[in-house]
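Worksheet for the structure shown next.
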Amino acid sequence: MDFATWTPPHESAYLAPTVRRSAKILIVGPAGVGKTTFVDTMSEIQPLHTEESLTAASEGVDDLRGTPAKTTTTVALDFGRRTLNEQLVLYLFGTPGQQRFNYLWRTLARGALGAMVLVDTRRPDASFDVMDRVEQLEVPYAIAVNAFDTAPRYPAEELREAMDPPPGTPLGICDARDEPSCNRMLITLVENVLAGAGTTKEHGVSA
């Protein structure tokens, strides 16, 4: 499949008639890491959000380090759609980051081709639990370091050493507000999963 040279269609509620396959991709990470922004940036349709205001009840419960301006949080999922080439469309499911939503993860992970784990370098340790949960669900994943304006920058190899993912796990840097960099990470994830799958049907691509 040629993903890199594909030009996505203009925003449309309808799939291109050439699309023959679909795949589910999870967008995961701790609260405030940029999952909703990632889905917003990549979706070619109006994305679905389930946001609720943060209240005092989340104090001391949710890890919101480094996100002082955050006033809402996802309580179910974000949903978007991205056509990756003439034949393949991705359905993007942004998951809540808090552990109390683990039961949703198990449901959303069914049939998923892969997961994009977002990381904030101001609190990379917050993504370790996310990586553990994805690995327990046996979903292949890639790591996308979201380059927040105020976050420290590190070389990719230094980040890989710090995150210590399984061998062969793609790791790259993106800006969740920037479509080309997010698209590049999605292509890397899909290509890596399909290259290791042998057959697509066993790894979440539906005809």
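Only this structure's heavy atoms are used, side chains among them; waters, hydrogens and symmetry mates stay out.
- With hydrogens and angles ignored, the 3.5 Å screen pairs no side-chain donor or acceptor of N146 with any backbone N or O of D120.
- A donor-acceptor pair under 3.5 Å links the side-chain atoms of K35 to the main chain of P30, judged by distance alone.
- When all heavy atoms are compared, the tightest approach of P170 to T188 is CB-CG2, 3.5 Å.
- In this structure the side chain of L104 never reaches within 4.5 angstrom of the side chain of L77, judged on heavy atoms.
- For residues 129-140, the set of pairs meeting the side chain to side chain donor-acceptor pair (under 3.5 Å) definition, not counting sequence neighbours, comprises Q99-D129, N102-R133, D129-R133, E135-Y141.
- With values rounded to the nearest 0.5 angstrom, N85 atom CG is found 9.0 Å from I187 atom CD1.
- Taken from SG in C182 to CG in L92, the straight-line distance is 10.0 Å, to the nearest 0.5 Å.
- Separation of atoms CG (N183) and CG (L84) is listed at 6.0 Å; rounding is to 0.5 Å.
- Sorted by first then second residue, the side chain to side chain donor-acceptor pair (under 3.5 Å) pairs that include residues 153-176, not counting sequence neighbours, are D175-R177.
- A search for side chain to side chain contact (heavy atoms under 4.5 Å, CB included) contacts involving Y91 returns L15, S22, F79, R81, V89, F93, not counting sequence neighbours.
- At least one side-chain heavy atom of F128 sits under 4.5 Å from a side-chain heavy atom of D125.
- Atom OG of residue S127 and atom CE of residue M163 lie 5.0 Å apart, to the nearest 0.5 angstrom.
- Closest approach of L189 and G114 over heavy atoms only: CD2-C, 4.2 Å.
- The shortest distance between side-chain heavy atoms of V19 and E86 does not fall below 4.5 Å.
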Decide yes or no on side chain to side chain contact (heavy atoms under 4.5 Å, CB included) for L118 and I143, but give the supporting numbers first. CA-CA 6 Å; L118 295 182; I143 296 174; over 6 Å; no
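- By the 4.0 Å N-to-carboxylate-O rule, R82 lies close enough to E179 to be salt-bridged with it.
- A109 and L137 get closest at one heavy-atom pair: CB-CD1, 3.9 Å.
- The two atoms that bring V139 and A115 nearest to each other are CG1-N, 3.7 Å, heavy atoms only.
- Here the side chains of L159 and V119 are not in contact, with every heavy-atom distance at 4.5 Å or above.
- Legend: residues meeting side chain to side chain contact (heavy atoms under 4.5 Å, CB included) with P47, ordered by chain and number and at least two apart, are V39, D40, S43, H49.
- For L186 against M42, the heavy-atom pair with the smallest separation is CD1-CE, 3.8 Å.
- Using modelled atom types, one finds a donor on one side chain and an acceptor on the other under 3.5 Å when comparing E44 with T83.
- Although no hydrogens or angles enter the test, the distance criterion places a donor-acceptor pair under 3.5 Å between the side chain of T121 and the main chain of P152.
- Annotation: side chain of L108 is in contact with side chain of L26 (closest heavy-atom distance under 4.5 Å).
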Decide yes or no on side chain to side chain contact (heavy atoms under 4.5 Å, CB included) for L113 and K24, but give the supporting numbers first. CA-CA 6 Å; L113 175 74; K24 178 196 290 185; 5.9 Å; no
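- S181 pairs by the side chain to side chain donor-acceptor pair (under 3.5 Å) definition with D178, not counting sequence neighbours.
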What verdict does the side chain to side chain contact (heavy atoms under 4.5 Å, CB included) test give for L48 and D78, after you've listed the backbone C-alpha separation in whole Å, the side-chain angles of each residue and the deciding distance to 0.1 Å? CA-CA 5 Å; L48 169 69; D78 298 316; over 6 Å; no
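- W105 places a side-chain N or O within donor-acceptor distance of the main-chain N or O of P96, the cut-off being under 3.5 Å.
- For T150, the side chain to side chain donor-acceptor pair (under 3.5 Å) partners are R122, not counting sequence neighbours.
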